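Heads up, the thing below is written out as structure tokens.
All figures in this text were calculated on a predicted structure; none of them were measured in a lab. Numbered from 1 within each chain, the chains take letters A, B, ... in sequence-line order.
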Amino acid sequence: SHIVLMLADDMACNPRNPKPATVFSHKNMELNVYGDDVEVDYRSYEVTVENFLRVLTGRIPPSTPRSKRLLSDDRSNILIYMTGHGGNGFLKFQDSEEITNVELADAFEQMWQKRRYNELLFIIDTCQGASMYERFYSPNIMALASSQVGEDSLSHQPDLGIGVHLMDRYTFYVLEFLEEIHPASQTNMNDLFQVCPKSLCVSTPGHRTDLFQRDPQNVLITDFFGSVRKVEITTETISLDGDLAGFESKLPEDELATEPLKYAEQLPVAQIIHQKPKQKDWHPPGGFILGLWALIIMVFFKTYGIKHMKHIF
Amino acid sequence: PPAVRTSVTFRYETVYRSTTAREEAALDVATAREADAALHSLQDASLGSLTVYVVPENSSLLPQGVSVYVGKHRSALVRAGGGLAALRTRLRQLTQVMSFTAGSIAAALSDRTPDSQLGPDARRHLKSSLGYEITFSLLNPDPKSHIVDWDIEDAVNRYVQPVLDKLSLLANFSVDSQILYYAVLGVTPRFDKESSSFLLSAHSLPHVINPVEARLGSSAASLYPVLNFLLYVPERSHSPLYIQDKDGAPVSTNAFHSPRWGGIMIYNVEAPASPQASLPLHVDVDMVRVMEVFLAQLRLLFGLSREELPPEFLLESPGNEGLADWELDRLLWAHTVENIATVSTTLTSLAQLLDKIGNIVIKDDVASEVYRAVAAAQSAVAELATGHLHSAFQASKEAVTSSERAFFDPSLLHLLYFPDDQKFAIYIPLFLPMAVPILLSLAKIVREARQRKKEPTKMD
């Protein structure tokens with residue numbers, strides 16, 4: 001399996017964290033969710049709506065390393081989990097931008113058209129989270145949210161030693177549920193839908209399965225969590241001739257005389273510094289600018305009298 | 001989803017002729033294998049074509065009980081007899097084995113077929129790609145007990161490279177290898193008293209791959225799909241370790257593979273002769289045995305299987321080349337069809353995206369890639385219709401490269417969704433204060449113009 005982790009705030013290594021490199025789910029410090037094998041791919045300012053959509057749709061600059069890409073094909077099941085502050089139809093990124101439910105639905109449609117997923121499970125834990133999955137229209141998507149439209153998702157418990165709330169309620173109970181799943185488990189999605197009822201969560205979790213082709217009863221949790229692969233026993237072998245007498249090792253030919261490269265000559269410096277700037281095509285000003293200027297000039301001359309026009313023309 | 005109308009028709013073009021004198025001479029040898037070798041030098045078989053020789057019923061070329069012999073190049077020998085109908089059946093079976101079938105084409109088009117119509121075989125094989133990266137890894141969880149030496153470089157040059165050279169027409173291959181220490185399988189095998197060995201049952205195999213995958217370092221590899229072949233030397237405390245299949249019988253190869261990922265083989269170290277042998281034991285891996293399994297797994301990952309054959313068929317082993325010419329042709333047929341289907345889906349989806357979001361800017365290079373993709377796809381379809389497999393495949397590869405480059409160009413990202421209430425919320429506070437004096441002045445202008453029109457009548 002391949003995990004792409006985008007963290008906008010670094011809580012574990014924040015200088016104000018009295019227990020550095022740990023993020024616990026509860027103040028009893030039993031479960032460290034920032035464990036040994038957490039690898040953050042997009043951190044702090046790299047977590048933007050643009051980068052998120054680039055990862056999903058695959059329109060990534062060619063220099064991006066493999067760990068920052070979503071390397072999925074038409075047999076991949078994808079799990080997307082988003083959490084943060086949100087509202088009716090949007091999720092906040094970095095306190096300065098938002099991703100809307102329409103953009104997310106369009107991104108999933110782009111993924112479907114390129115067959116970048118087989119089945120997709122979308123879990124969101126924000127206020128009014130159900131609004132984020134209302135607009136999906138691509139097949140094979142199942143969505144869960146921590147609260148309905150008009151409800152707030154609440155956090156679980158504060159740790160007074162650190163001074164912040166550690167985890168959201170829905171995430172806490174889902175985590176508790178998942179900790180008991182092992183790779184051979186036969187638990188299905190209907191059990192996941194029952195996690196965190198209103199009595200525990202205060203908000204009403206919602207889910208959406210109408211786009212999903214299979215019945216949620218038959219979908220195992222391990223289809224999305226735990227990366228259980230299909231395997232086949234290898235029953236065929238080929239026969240190789242181990243004693244190839246006439247074997248010629250194909251070594252690269254080192255006979256081409258190449259001049260050793262010198263550092264100073266690698267770039268065509270003379271060409272670069274004497275480059276003329278590219279001529280930008282001149283475009284006449286557009287209608288809006290022309291109209292605005294006409295309006296301003298008209299108002300000016302009306303205010304100060306038409307007699308000034310004579311001096312101009 | 002794009003409305004896809006897929007219609008694929010295929011036909012086999014058959015030409016009948018009698019054998020030339022030189023072919024007769026070539027067939028006049030003792031065994032079918034020699035005949036095959038002799039015929040290969042005579043033929044000028046192009047990619048995708050097959051030559052079938054019908055030999056007399058009492059010919060001694062084919063062994064007893066074998067009525068069809070499939071060579072390792074592009075020819076086959078079929079024994080006549082049993083009438084024309086029986087011969088036609090045999091020829092039909094031969095085409096199913098050696099060339100493309102309705103099933104293999106449907107599998108290549110699996111992207112467009114709804115799930116319900118696909119057989120279990122579809123989507124198992126590797127997708128068509130411009131290149132593949134093969135990684136051989138040796139996992140030694142117990143270095144205190146075993147020092148494992150594998151001469152991987154020599155094995156790759158001797159056994160793997162010939163196969164990859166044969167497949168070089170299909171894609172670019174690159175090979176790496178690594179040794180990982182203290183990497184354990186995620187599953188604990190259970191001890192079987194009867195055979196006094198450890199067993200891994202078939203249903204625990206799916207859980208083996210994930211824990212070890214994180215250590216393989218495939219995130220540092222290239223952007224091509226990675227095929228991992230792992231050789232696991234079990235710890236001394238868990239030796240010997242065998243894999244059990246579903247019926248409880250031990251698997252002869254002691255290996256399993258996962259579609260589109262790679263394969264794992266377990267290499268058991270023989271217990272030392274005397275129990276007081278000093279640890280660590282030195283182990284020299286028998287690379288021939290290992291490569292036989294890995295290369296078989298590589299063939300299976302690509303979809304080349306020799307298991308289900310009609311009775312009385314004899315297939316010549318391709319030897320160190322790994323695959324026969326006609327098997328390479330099968331792969332090329334499937335990949336060409338898949339490439340063309342992918343190109344059409346990609347370009348259709350791109351066109352729909354542009355229809356939907358009218359103000360995306362298409363750069364010139366994206367546009368030229370699209371033109372190139374369309375031209376190459378059209379030429380691929382034309383070449384495929386006439387059976388020129390080589391040029392069809394090259395054209396389809398070019399089409400796929402161009403269309404993927406156009407579709408995944410980073411400049412095509414659209415963040416242009418403006419809901420109406422956001423438009424109000426942003427633009428009104430900006431433009432309303434500016435607009436108020438302008439509008440009032442305009443009103444004043446209009447009023448004064450109207451007053452001036454009335455004034456000449458008033459000032460009498």
**Item:** Choice from Leu295(B), Val293(B), Ile243(B), Ile264(B) maximising heavy atom contacts with chain A below 4.5 Å
**Value:** Leu295(B)

**Prompt:** Given a strict heavy-atom distance threshold of 4.5 Å, which part of Phe407(B) is in contact with chain A: side chain, backbone, both, or neither?
**Reply:** both

**Asked** Which distance, rounded to the nearest 0.5 Å, do you find between the CZ of Arg54(A) and the OG1 of Thr48(A)?
**Response** 8.5 Å

**Prompt:** With chain A, which of Pro259(B), Pro437(B), Pro410(B) has the greatest number of heavy-atom pairs at distances under 4.5 Å?
**Reply:** Pro410(B)

**Region of Leu205(B) in contact with chain A, defined by heavy-atom distances below 4.5 Å** = both

**Request:** Classify the ring geometry between Phe294(B) and Phe229(B) as parallel (under 30°), tilted (30 to 60°) or perpendicular (over 60°).
**Result:** tilted

**Item:** Winner by heavy-atom pair count (cut-off under 4.5 Å) against chain B, out of Lys68(A), Met298(A), Arg69(A)
**Value:** Arg69(A)

**Prompt:** What's the spacing between Thr237(A) OG1 and Met265(B) CE if we round to 0.5 Å?
**Reply:** 9.5 Å

**Message:** Strictly below 4.0 Å, N to O, side chains only: are Asp74(A) and Arg116(A) in salt-bridge contact?
**Reply:** no

**Asked** At a heavy-atom separation under 4.5 Å, does Leu295(A) approach chain B through its side chain, its backbone, both, or neither?
**Response** side chain

**Message:** Under 4.5 Å from any heavy atom of chain A, what part of Glu153(B) do you find: side chain, backbone, both or neither?
**Reply:** neither

**Asked** Any salt bridge between Glu316(B) and Lys72(B), counting N to O under 4.0 Å?
**Response** no

**Message:** Heavy-atom pairs under 4.5 Å with chain B - which of Val228(A), Val299(A), Thr234(A), Ile99(A) has more of them than the others?
**Reply:** Thr234(A)

**Arg299(B) with Glu327(B): basic N within carboxylate O range, under 4.0 Å** = yes

**Request:** Heavy-atom pairs under 4.5 Å with chain B are the metric here; pick the option from Pro183(A), Gly89(A), Pro61(A) that has the most.
**Result:** Pro183(A)

**Engaged part of His257(B) at the chain A interface, taking heavy atoms whose separation is under 4.5 Å** = both

**Note: Asp223(A)-Arg214(A) ion pair, threshold 4.0 Å (strictly below)** = yes

**Request:** Below 4.5 Å from any heavy atom of chain A, which atoms of Ser204(B) appear? Answer side chain, backbone, both or neither.
**Result:** neither

**Request:** Find the one option among Glu292(B), Glu448(B), Arg306(B) whose heavy-atom pairs under 4.5 Å with chain A are most numerous.
**Result:** Glu292(B)

**Item:** SB check Arg59(A) Glu50(A) (cutoff 4.0 Å)
**Value:** no

**Fill in**
Cut-off 4.5 Å, heavy atoms of chain B, and the answer for Glu98(A) is side chain

**Prompt:** Looking at Arg115(A) and Asp73(A), does any basic side-chain N land under 4.0 Å from a carboxylate oxygen?
**Reply:** no

**Complete:** Applying side-chain contact (heavy atoms from CB on, under 4.5 Å) to Thr187(A) and not counting sequence neighbours gives Phe177(A), Ile181(A), Ser185(A), Asp191(A), Ile221(A)

**Request:** Tell me, for Lys444(B) versus chain A, whether the close heavy atoms (under 4.5 Å) come from the side chain, the backbone, both or neither.
**Result:** neither

**Request:** Among Arg260(B), Arg289(B), Gln297(B), single out the residue with the greatest number of heavy-atom pairs under 4.5 Å to chain A.
**Result:** Arg260(B)

